[in-house]
**Student:** 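Have a look at this one before I ask anything.
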Amino acid sequence: MSVALSVRALGKHFGELQALRDVSFDAHEREMVAVVGPNGAGKTTLLSIIAGTQNATSGSVSGPSPADGSAREVGWAPQQPALYSKLSVAENLRLFARLEGVADPDREVERMLEQTGLSARADDLLGELSGGNRQRVNVAVGLLGNPPVLALDEPSSALDPRQRERLWRFIRGLADAGTSVVFSTHNVGEAERYGDRVIVLDEGRMIFDGTPGELMQAAPAGAGGDFEQALVAFLSEGHEL
Amino acid sequence: MRWLLRKDLLILRRSRLLVALLVIYPVAIALLIGLAISRSPSKPRVAIVDETPPGQTVQIGSERVEVSQYAQRLFSQVQAVRAQTRAQAVDKVKSGEVLAAVVIPPDVAARLSSGLRQAQLEIIYNGDALQQSLVQSQLGSALAQANLAFSERIQGAAVGVINLLLKGGNLGVLGAPSNLIGLAQIPSQLRGIIARQPPGRDRAALERIASFAEFAAQNLTVSKNVLSTVGQPIQVHSTLLHGRRTPLNTFAVVVAVSVSLMFVCVLLAAGGVALEREEHVLARLLRGPPALLSREGLLAEKGVLAAACAFAVAFAMLAGVSAFVPLDWSRVGLWLVALALGALAFGALGVAIGAAAREVRAASLLAFLLSLPLAFLALVPSGSVSVGLYDTIGAISFVFPFKATLQALDAAVNGAAPSLGGSLAHLAALTIAFGVVARLGLRRAD
């Protein structure tokens, strides 16, 4: 698999606070990379820098040239849906497709409606949708123009289990189709289930980069095969890469 | 930027209640302010007890001035309610039927005729400090007007008597000789007699009398002028330093339109920017590279959209009001320029507020809390507060667009001072300044 996103020596500080320190990793095509860690570990900051909503203090983020019809390397879906509640699903998609400079916005809207399974709700106002459907539209906007990398900041945090399951199936489908997905989550089970690789951040440092299985192995004994306990034990040990 | 503009127009179209409130509320406030300014204070409702006997007069020489004329004059200055007795008047004041009561005592004529004592009226009033202040200012003014008119009548009578003394004739006073010689005629007639007298003591005495008569006639002539000076010691001549005299009702129109322009524009611009943040879209729009939209572009779109909407509302108001208040349509080009610059300055203020607030409700509240006092501060006339406070008010008004817009619109509609050019330059500077403030407020997109 070729590298879709390359993060090198990324650092970010807000005044005295060092939010990220020397974070480096690669994300490959068709790969889902889960970013986990305790509160304040730097997950959202890392995703924001990858998405381009914040600038890094040091280091770099690079990816392949954007696909045809898109000016973006990285699509982005923030934690809270960034959409207009007074516009319909189709109107939201069409507006952002036009702003993104997509060559054929109407066709792109049709494609995204089909991909998200929201064709029947295309004319519904976004404010009238369930949280799960809103999040699907949120992700769909991030996918406009078919960017090679998709950054998702805690995409399932506000959803019920059924909605979460549907959303992750949808995201898995995107990765299987070739998109590299980098997502942050508080739900360690989701990282284990959907992440091909797991990156563990703690106090701005990347302390682990590997598969969920490798994290289990790296964790101290006593986790009892439970991924969440393994992660907690790993963090408690203060491991460094 | 055009797609964002289309989106905003679509959202506005779907927010009919909001748009209706946004237009109706400021227009209602503006009309209330305009009405309050344009309506002169209504005449106070006052009970008047005239205890003077009917037909009683003040006699000045042969002239008689009816005391009832004073009461009539007083009636014309107030909304008069007649009361027969003082007790009735007191009841009317107590019940709140009238603001106050004026009792004209029966000895008014006697006191005035005596020339030694001032006549006295009694004013009866009640109520809290505000009502007492109202009585003192409104009734004081009405009484001053009536006093002035009455004193002019007495003065006229006195001048007539002096003329008779100077020119001679019949005094018309019981017991006075008829066809009296006038004081002014005495010196010339006396000089003729003196010329026929041989020099001696008699001639010298007659010459002294002639000199006195001449002196007395001259001074009595002067006393006529003195009387009119005493009657109205100071006459008022008004000089307007700058611009044209602005009728109160057209100024009220300008105030009402400026208030509407401000509210619609500031609320819309502030709400527009805050909405992007509240919907969490700001970060999506501004992330890069390349950003979907520059921060400056976003602020300009919101400011210009709000300015265009407010401009349309304000111009429609001006045009509508012109059906009732005569406005000079030949100056319509200047109206448009003043409205456009005012709207842009308010738009810039609005986006600055919107950029500082994190949600629409906070932005709307902030816009409202800021706008209303600014409008009232800008209307505080000089001299009505202390110099220091007025300077402070002036400084605050200077850094916000309301007063400059009011002045620009007043200059455009009424040709009032200060000049339109200066106000427009001021508005342009404020637009830039608030644009910079808004840009700083939008540094963070999340």
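Numbered from 1 within each chain, the chains take letters A, B, ... in sequence-line order.
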**Student:** Quick one: of A/P81, A/S48, A/P78, who has the most non-hydrogen atom pairs under 4.5 Å with chain B?
**Tutor:** A/P81
**Student:** Looking at A/R134 and A/L83, what are the two nearest heavy atoms and their distance?
**Tutor:** O-CD1, 3.7 Å
**Student:** Using a distance-only test with no angle check, is there a side-chain donor-acceptor pair under 3.5 angstrom linking A/S156 and A/E190?
**Tutor:** yes
**Student:** Where on A/Q79 is there a heavy atom nearer than 4.5 Å to chain B: the side chain, the backbone, both, or neither?
**Tutor:** neither
**Student:** Does any backbone or side-chain atom of A/T44 lie under 4.5 Å from a heavy atom of chain B? Answer side chain, backbone, both or neither.
**Tutor:** neither
**Student:** Any idea which of B/R6, B/E276, B/R2 has the most non-hydrogen atom pairs under 4.5 angstrom with chain A?
**Tutor:** B/E276
**Student:** Will you find, in the side chains of B/H280 and A/Q80, an N or O donor that is under 3.5 Å from an N or O acceptor?
**Tutor:** yes
**Student:** May I ask you to test the A/L150-A/F183 pair for a side-chain heavy-atom distance under 4.5 Å?
**Tutor:** no
**Student:** Identify which part of A/N138 has an atom lying under 4.5 Å from any heavy atom of chain B, answering side chain, backbone, both or neither.
**Tutor:** both
**Student:** What I want to check is whether the side chains of A/E29 and A/S2 have a donor and an acceptor closer together than 3.5 Å.
**Tutor:** yes
